[in-house]
Amino acid sequence: MAPRKPAKVLLGSTTLICLSAGLLALGCTGGGSASAAVAAAPASAASAHPVMKLSSLTGPVTPDEVNSFESYIKTLTPAGDNIGNQWAQGHSGEDTKAMGMVYEISGDQAILDRMIGYCDTVLSERDDLAAAPVGQHVLWTGDIGPAWPNNVTTDPIGTGGEQGDPVGHLANCARLILQTPAIWDKPVTGGDPHGYGASYLDRAKRFVAEADTSVDQHILSRLLDVSQGNRMYFASDSPYKGGQPVPWNQQMMFDYGFQNLAIAHQLLGDDPQRVTKYDGLVQTSVDWFFSQAHKYTDSAGKPAYKWMYAPSGGDIEDNDHGSLDTAGLYRAYLSGRYQITPAMMAPFANTFVDVMSTKAGHYAGRVDGTDGAGNSAPTSYVRSGWLLMTEFRPDAYQTLMKVDFPKGTTTADDQFSRALELKSRLAKAKG
C-alpha cells in the first residue's frame with residue numbers, strides 16, 4: 001500500500017497532525033466524519049526501524065518473534081511532548097501499548113524496562129511537571145494542570161479524550177510491575193533519572209499516584225461530567241465538545257486508564273473505594289455501548305453490530321474509530337471484570353468479516369459496509385483493532401492475518417503486538 005502524507009485534522013478548536021491508520025491503526029482523538037485520518041505512516045518513518053517478523057501464523061509465540069520485537073523497540077525514541085496526540089494514538093502511545101502487550105505475553109524483562117522508560121518520559125512531560133516550552137501552559141481550566149495538551153497554540157488550550165491514554169500507560173505499566181512480584185525490590189535496570197522511585201515497586205506506586213492525580217485534578221474534576229449515572233460527558237464549559245457525550249473511541253481511552261488503575265489499586269490493596277469507582281466507570285461505559293449498538297442478522301446469517309460514532313447518534317461509526325472501539329472493548333473483555341462474553345464480542349468479528357469485507361482487498365470505511373472519505377475511506381488492509389476480532393471468527397483468522405502479513409513482516413508495532421496476542425490466545429485455546 002502506497003503511503004500518504006500526514007493530514008491536518010480539525011479537533012474541535014484544535015488543529016493537529018494525525019499520523020493515523022495504515023498498519024499503525026491509529027485514530028484522531030476528535031474524529032468524526034468531518035475529520036480525515038491518514039491511511040499509512042510515512043515510508044521514511046517505517047524504513048528507519050528493523051523489521052518485526054512472525055515465525056508462523058499459528059502456534060505459540062516464539063523466542064524469535066519476541067526478539068524481533070525487542071530489537072525493534074530498541075531503535076525507538078519517545079516523543080518529546082503530546083503535540084499531535086503523540087502519547088495518545090500517535091506513535092509513542094502505540095509503542096507503549098505494544099510494549100505492555102508483548103511483555104505480558106513473553107515476560108521479557110528488557111521489554112518492561114523499555115516501557116518503564118517510556119512511562120518515565122510521558123510523566124515528565126505532563127503540563128504541571130515539565131518545564132516550558134513543553135509544560136507550564138495555562139489550560140482552559142485556568143490552571144497549569146496535570147494534563148498533556150495536544151496543541152498549545154489555541155486560546156484556550158483545550159483537552160479531550162486523549163487525556164485517557166497517558167494515564168492508561170502509567171497505570172498499565174504499574175499493573176504489569178505489580179503482577180511481577182519477583183522484581184519488586186530490585187532496582188530498575190535503567191536507573192531513576194527523574195526521581196520516580198529506585199525500585200520497581202516504588203516506580204509502580206509513583207506511576208499509580210501520578211495517574212490518580214491526573215484523574216482527580218483534571219479528568220474527573222474538570223474535563224468529564226459523570227453526574228448522569230457515571231456516563232461520560234464532557235464538561236459544559238469545555239472548549240472541546242462541551243456538554244456532549246464522549247465519543248466511543250475516546251471513552252475507550254478513558255477506560256484504558258480507569259481499568260488499569262482499578263487493577264493496580266486492587267493489587268496494592270490500598271484503596272478499595274478507588275477500585276469500585278474506577279470499575280464502575282468502565283462498567284457503565286461498556287453497558288452504555290452495548291445498549292446503543294444495534295444488533296442484527298447479517299447476510300451470512302450471523303449476528304452483527306451497527307453503531308454510531310458517539311452515544312448521541314449522528315454519523316455511522318467509521319473503520320478507523322471502529323478499530324479503536326473494538327480494541328478498547330477487547331481490552332475490557334480480556335480483563336474479565338466487566339461481564340463481556342465471547343457472544344457479545346463475536347458480532348464485531350462478523351461485522352468486519354461479513355459486512356465490511358466487501359471484496360478481496362477492500363474493507364469498507366464504515367461499519368455498515370458503506371464507504372466515505374477520511375476516516376470513513378475504505379482500506380486495503382486490516383486495522384489492528386479489527387484484526388483482534390478474528391479470535392471470535394477463527395475461520396477468517398488466517399485470511400486476514402495474511403492480508404496484514406503477506407511476507408510475515410511489519411514495521412508497525414501495534415500490528416505486530418496484536419498478532420502476537422492473537423497467536424498466543426489461539427494457541428492456548430487449542431491446548
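Note that this is a predicted model, so its numbers are computed, not measured.
The salt bridge (charged side-chain N to carboxylate O under 4.0 Å, His left out) pairs that include a residue from residues 347-365 are Asp354-Arg393, where partners are two or more places apart or lie in different chains. Sorted by first and then second residue, the salt bridge (charged side-chain N to carboxylate O under 4.0 Å, His left out) pairs with a member in residues 103-114 read Glu104-Arg175; sequence neighbours excluded. Residue pairs meeting the salt bridge (charged side-chain N to carboxylate O under 4.0 Å, His left out) criterion with at least one member in residues 57-67, sequence neighbours excluded, are Glu65-Lys423. Here ring-ring contact (aromatic ring centres under 6.0 Å, His included) pairs that include residues 396-427, with residues two or more places apart or in two chains, number zero.
The salt bridge (Lys or Arg N to Asp or Glu O under 4.0 Å) test applied to Lys74 returns Glu70, not counting sequence neighbours. Qualifying side-chain hydrogen bond (donor to acceptor under 3.5 Å, both in side chains) partners for Tyr256, counting only residues two or more places apart in sequence or in other chains: His169. Qualifying side-chain hydrogen bond (donor to acceptor under 3.5 Å, both in side chains) partners for Arg337, counting only residues two or more places apart in sequence or in other chains: Gln266, Asp279. For Asp81, there are no salt bridge (Lys or Arg N to Asp or Glu O under 4.0 Å) partners at least two apart in sequence or on another chain. Partners of Glu125 according to the side-chain hydrogen bond (donor to acceptor under 3.5 Å, both in side chains) rule, which considers only residues two or more places apart in sequence or in another chain, are Trp87. Residues forming a side-chain contact (heavy atoms from CB on, under 4.5 Å) with Leu57 (at least two apart in sequence, or on another chain): Leu54, Gln398, Met401, Lys402. A search for salt bridge (Lys or Arg N to Asp or Glu O under 4.0 Å) contacts involving Asp202 returns nothing, not counting sequence neighbours. Among residues two or more places apart in sequence or in another chain, the side-chain contact (heavy atoms from CB on, under 4.5 Å) test is passed with Pro347 by Lys295, Pro303, Tyr305.
Checked against a 6.0 Å centroid threshold, the rings of Tyr240 and Phe234 count as neighbours. Taking the six-membered ring for Trp and the full ring otherwise, Phe348 and Trp307 have centroids separated by under 6.0 Å.
Of the possible donor and acceptor atoms, one in the side chain of Thr341 sits under 3.5 Å from a partner among the backbone N and O of Met344.
Residues Asp404 and Tyr381 approach most closely at OD1-CB, 3.6 Å, considering heavy atoms. Minimum heavy-atom separation, Tyr278 to His265: CE1-CD2, 4.0 Å. Taking all atoms of both residues into account, the shortest heavy-atom contact from Ser335 to Gln259 is CB-NE2, 3.6 Å. Across every non-hydrogen atom of Val102 and Ser417, the tightest pair is CG2-CB, 3.8 Å.
Side-chain atoms of Tyr338 and Thr284 form no donor-acceptor pair, as typed in the model, at a separation below 3.5 Å. Trp140 and Thr159 are linked by a side-chain donor-acceptor pair at a separation below 3.5 angstrom, with hydrogens and angles left out of the test. Judged by distance alone, the side chains of Gln251 and Ser285 do bring a donor and an acceptor atom under 3.5 Å apart. At a cut-off of 3.5 Å, with distance as the only test, a side-chain donor of Arg383 or Asn319 sits close to an acceptor on the other residue. One side chain, Asp371 or His362, offers a donor N or O that lies under 3.5 Å from an acceptor on the other. Between the side chains of Gln415 and Thr410, at least one donor-acceptor pair of N or O atoms lies under 3.5 Å. For the residue pair Gln89 and Asp165, a side-chain donor N or O sits within less than 3.5 Å of a side-chain acceptor on the partner. Asn85 and Asn150 share a side-chain donor-acceptor pair at under 3.5 Å.
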Open item on the list: If you apply the rule salt bridge (charged side-chain N to carboxylate O under 4.0 Å, His left out), what do you find for Asp368 with Arg366, and how did you get there?
Closed with: CA-CA 5 Å; Asp368 65 352; Arg366 302 188 185 98; 5.4 Å; no
TODO: Begin with the C-alpha distance, continue with both residues' side-chain angles, and end with the deciding distance and a verdict on ring-ring contact (aromatic ring centres under 6.0 Å, His included) for Phe392 and Tyr333.
DONE: CA-CA 12 Å; Phe392 309 100; Tyr333 163 75; 5.4 Å; yes
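Between Arg418 and Glu94 there is a salt bridge, since a side-chain N of the basic residue sits under 4.0 Å from a carboxylate O of the acidic one. Between Asp212 and Arg274 there is a salt bridge, since a side-chain N of the basic residue sits under 4.0 Å from a carboxylate O of the acidic one. Checked for salt-bridge contact, Arg203 and Asp120 meet the test: a charged N lies under 4.0 Å from a carboxylate O.
Contact check for Leu400 versus Phe352: side-chain heavy atoms found under the 4.5 Å cut-off. Between Leu139 and Pro149 the shortest side-chain heavy-atom distance falls below 4.5 Å. Counting heavy atoms from C-beta outward, Thr370 and Ile316 have side chains that stay 4.5 Å or more apart. Inter-residue side-chain proximity for Pro78 and Val122 is flagged as unmet; no heavy-atom pair is nearer than 4.5 Å. Side chains of Glu391 and Tyr330 form a contact here, defined as non-hydrogen atoms less than 4.5 Å apart. Annotation: side chain of Ser199 is not in contact with side chain of Val188 (no heavy-atom distance under 4.5 Å).
When each of Ile263, Val167, Val282 is paired with Phe258, the side chain to side chain contact (heavy atoms under 4.5 Å, CB included) condition holds for Val282 and for no other.
Heavy-atom neighbours of Asp395 CG from other residues, nucleotides or ligands within 6.0 Å: above the threshold of 12.
One finds the CZ atom of Arg206 at 13.5 Å from the SG atom of Cys119 (value rounded to the nearest 0.5 Å).
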